[in-house]
Amino acid sequence: MSALHEAPQTATKLLVTAMGLIDTFDPGQRATAAVLHGLDVGAVNLDRVHLSRERRSGGRRTATLHMHIAPLGRDDVTEIDGVAVTSLARTVADVARSELLDEAVVIGDSALRRGVVSIDDVRAVLDRHGRRKGIGAARRAVALFDGRSESPGESLSRLRMRECGMPAPDLQHEVRTDGGAFVGRVDFFWERWGVVGEFDGMGKYRFGSGQAGDIVAREKLREDAIRDTGLEVIRWVWADLGRFDAVKTRFERACARSRRR
């Protein structure tokens with residue numbers, strides 16, 4: 001699990017423990033379960049602990065707790081470090097029903113990336129709860145999941161591409177020379193146009209660590225090597241996810257340059 005998500009996981013577990021809930025049979029669900037499973041959670045609100053209770057009544061909501069009344073099957077509950085939580089497939093399905101598309105896809109991609117749950121597993125959960133609120137939105141979100149996205153930024157980039165009408169790229173494509181030598185694996189690749197796209201989360205450079213300069217230099221050499229194969233390269237950062245038309249313009253310019261080669 002990345003350092004970026006150790007803090008919310010620890011905070012959520014501590015809150016569950018402090019509330020005296022760690023020994024109960026009310027499993028964590030939704031965002032709480034996603035955090036305890038160690039998933040990337042994007043911008044999901046973590047102010048409340050979400051628990052499930054399989055009863056006809058008893059749901060409640062406070063500033064720190066949301067108790068949901070929800071049916072739970074035998075396979076819907078597991079345990080993590082002594083804390084009862086919904087299973088990974090049930091967690092992803094519940095998040096897809098209850099969260100905005102961005103957060104649902106970030107969490108869904110993160111779960112699929114582990115290789116221990118599949119889209120079919122999540123769809124099977126949704127099929128068992130076909131009349132529950134949010135099922136339609138959940139099915140639309142699940143259709144967009146792709147475990148090849150390796151970070152929340154890459155997941156959100158795919159959604160922004162779709163929203164602004166960009167063609168769908170191949171993900172995690174291996175760039176090789178004409179002789180077959182490996183050059184690099186890239187986040188996004190548009191083979192028809194000969195364009196590579198890279199989401200630059202910046203955190204990987206560890207600025208202030210004393211290693212940033214070497215890492216940036218290696219990344220520059222890698223990008224030069226990709227360009228030497230005849231491909232165009234475009235990059236974007238977190239801020240660009242809120243103004244993705246600018247990225248689309250870069251893509252279109254890169255396509256034009258590629259055609260002139």
- Message: Looking at every non-hydrogen atom in both residues, tell me the closest pair between S157 and L241 and how far apart they are.
- Response: OG-CD2, 3.5 Å

- Message: Using the rule given for side-chain contact (heavy atoms from CB on, under 4.5 Å), can you reason through L171 versus F189, listing the C-alpha separation, both sets of side-chain angles and the distance that settles it, and then say yes or no?
- Response: CA-CA 6 Å; L171 307 182; F189 180 58; over 6 Å; no

- Is the backbone of L72 close enough, under 3.5 Å, to the side chain of R90 for a donor and an acceptor to pair up by distance? no

- Message: Let me confirm one number: the CG-CD distance from D245 to E252, rounded to the nearest 0.5 Å.
- Response: 9.0 Å

- Tell me, do V83 and L36 make a side-chain contact under 4.5 Å, heavy atoms counted? yes

- Task: Take S149 and R113, measure what side-chain hydrogen bond (donor to acceptor under 3.5 Å, both in side chains) needs, and give me the verdict at the end.
- Result: CA-CA 8 Å; S149 287; R113 190 159 60 245; over 6 Å; no

- Task: For D178, look at atom CG and say whether over 12 heavy atoms of other residues, nucleotides or ligands are found less than 6.0 Å away.
- Result: no

- For residues E198 and F188, determine if any side-chain heavy atom of one lies less than 4.5 Å from a side-chain heavy atom of the other. no

- Query: Would R235 and D240 count as a side-chain contact (heavy atoms from CB on, under 4.5 Å) if you check the C-alpha gap in whole Å, the side-chain angles of each, and the deciding distance to 0.1 Å?
  - Reply: CA-CA 10 Å; R235 288 182 173 274; D240 292 319; over 6 Å; no

- Least distance between heavy atoms, L126 atom then A93 atom: CD2-CB, 3.8 Å

- Query: Can you check salt bridge (Lys or Arg N to Asp or Glu O under 4.0 Å) on D224 and K220, steps first, answer last?
  - Reply: CA-CA 6 Å; D224 287 345; K220 176 65 166 59; 2.9 Å; yes

- Evaluate the criterion side-chain contact (heavy atoms from CB on, under 4.5 Å) for residue pair L39 and L88; output intermediate values, then yes/no. CA-CA 10 Å; L39 301 179; L88 194 53; 3.8 Å; yes

- Are the side chain of S258 and the backbone N or O of W193 linked by a donor-acceptor pair below 3.5 Å? yes

- Query: Do D76 side-chain atoms and G73 backbone N/O form a donor-acceptor pair below 3.5 Å?
  - Reply: yes

- Query: Does some side-chain heavy atom of F244 sit less than 4.5 Å from a side-chain heavy atom of E163?
  - Reply: no

- Query: Atom CG of D121 and atom OG of S87: how far apart are they, to the nearest 0.5 Å?
  - Reply: 9.0 Å

- Message: Do F182 and I226 sit in one hydrophobic cluster, given that two such residues count as connected whenever their side-chain heavy atoms are within less than 4.5 Å of each other, even indirectly?
- Response: no

- Message: Count I, L, V, M, F, W, Y as connected when their side-chain heavy atoms are under 4.5 Å apart, and connections chain through other members. Are L221 and L231 then in the same cluster?
- Response: no

- Would a hydrophobic clustering, with Ile, Leu, Val, Met, Phe, Trp and Tyr connected at side-chain separations under 4.5 Å, put V35 with L112? yes

- Heavy-atom check, side chain of I80 versus side chain of H37, under 4.5 Å: yes

- Task: Using atom types as modelled and distance alone, determine if a side-chain donor or acceptor of E154 lies under 3.5 Å from a backbone N or O of E150.
- Result: yes

- Query: Does V125 share a hydrophobic cluster with I135, counting links as ILVMFWY side-chain heavy atoms below 4.5 Å and allowing steps through other members?
  - Reply: no

- Only counting residues at least two apart or in another chain, list the ones meeting side-chain contact (heavy atoms from CB on, under 4.5 Å) with R253. T249, R257

- Task: State plainly whether one hydrophobic cluster holds both V233 and M166, where clusters connect Ile, Leu, Val, Met, Phe, Trp and Tyr through side-chain heavy atoms under 4.5 angstrom apart.
- Result: no

- Message: With a 3.5 Å distance limit and no angle check, can you tell me whether K248 reaches the backbone of G165 through a side-chain donor-acceptor pair?
- Response: no

- Check the surroundings of atom CD in E191: do more than 12 heavy atoms from other residues, nucleotides or ligands lie under 6.0 Å from it? no

- Note on the structure: Rounded to the nearest 0.5 angstrom, the CD1-CD distance for I234 and E223 is 10.5 Å

- Smallest heavy-atom separation, V44 atom then A31 atom, equals CG1-CB, 3.3 Å

- Taking side chain as C-beta onward, heavy atoms only, is R160 less than 4.5 Å from V247? no

- Note on the structure: Tightest non-hydrogen contact, residues V105 and A141, listed as CG2-O, 4.1 Å

- Item | R162 atom CZ, over 12 foreign heavy atoms within 6.0 Å | no

- Query: If we ignore angles and hydrogens, is there a donor and acceptor under 3.5 Å between the side chains of R148 and Q172?
  - Reply: no

- Message: According to ring-ring contact (aromatic ring centres under 6.0 Å, His included), who are the partners of H129, at least two apart in sequence or on a separate chain?
- Response: none

- Note on the structure: In this structure, CG of D109 is separated from CZ of F145 (nearest 0.5 Å) by 7.0 Å

- Message: Can a donor-acceptor pair be found, under 3.5 Å and without considering hydrogens, that links the side chain of R97 to the backbone of A138?
- Response: no

- Message: Applying salt bridge (Lys or Arg N to Asp or Glu O under 4.0 Å) to D127 and R139, what does each step give before you reach the verdict?
- Response: CA-CA 10 Å; D127 287 344; R139 294 189 194 282; 3.0 Å; yes

- Examine distances only and state if a side-chain atom of W190 and a backbone atom of V196 form a donor-acceptor pair shorter than 3.5 Å. no

- Task: Would you sort out whether F251 and W236 count as a ring pair (Phe, Tyr, Trp, His ring centres under 6.0 Å), showing the intermediate values?
- Result: CA-CA 11 Å; F251 170 73; W236 57 94; 9.4 Å; no

- Task: Check whether the side chains of T86 and T91 place a donor and an acceptor atom closer than 3.5 Å, and report yes or no.
- Result: yes

- Enter the distance from C255:SG to R260:CZ here, rounded to the nearest 0.5 Å. 11.0 Å

- Would you please test V95 and E103 for side-chain contact (heavy atoms from CB on, under 4.5 Å) and show each step? CA-CA 8 Å; V95 165; E103 283 67 49; 5.5 Å; no

- Task: With the side chain counted from C-beta on, respond yes when L144 and R140 share a heavy-atom pair under 4.5 Å apart, and no when they do not.
- Result: no

- R222/E219 salt bridge by N-O under 4.0 Å criterion: yes

- Task: For V106, enumerate each residue passing the side-chain contact (heavy atoms from CB on, under 4.5 Å) test, keeping only those at least two apart in sequence or located in another chain.
- Result: D40, P152, S155, L156

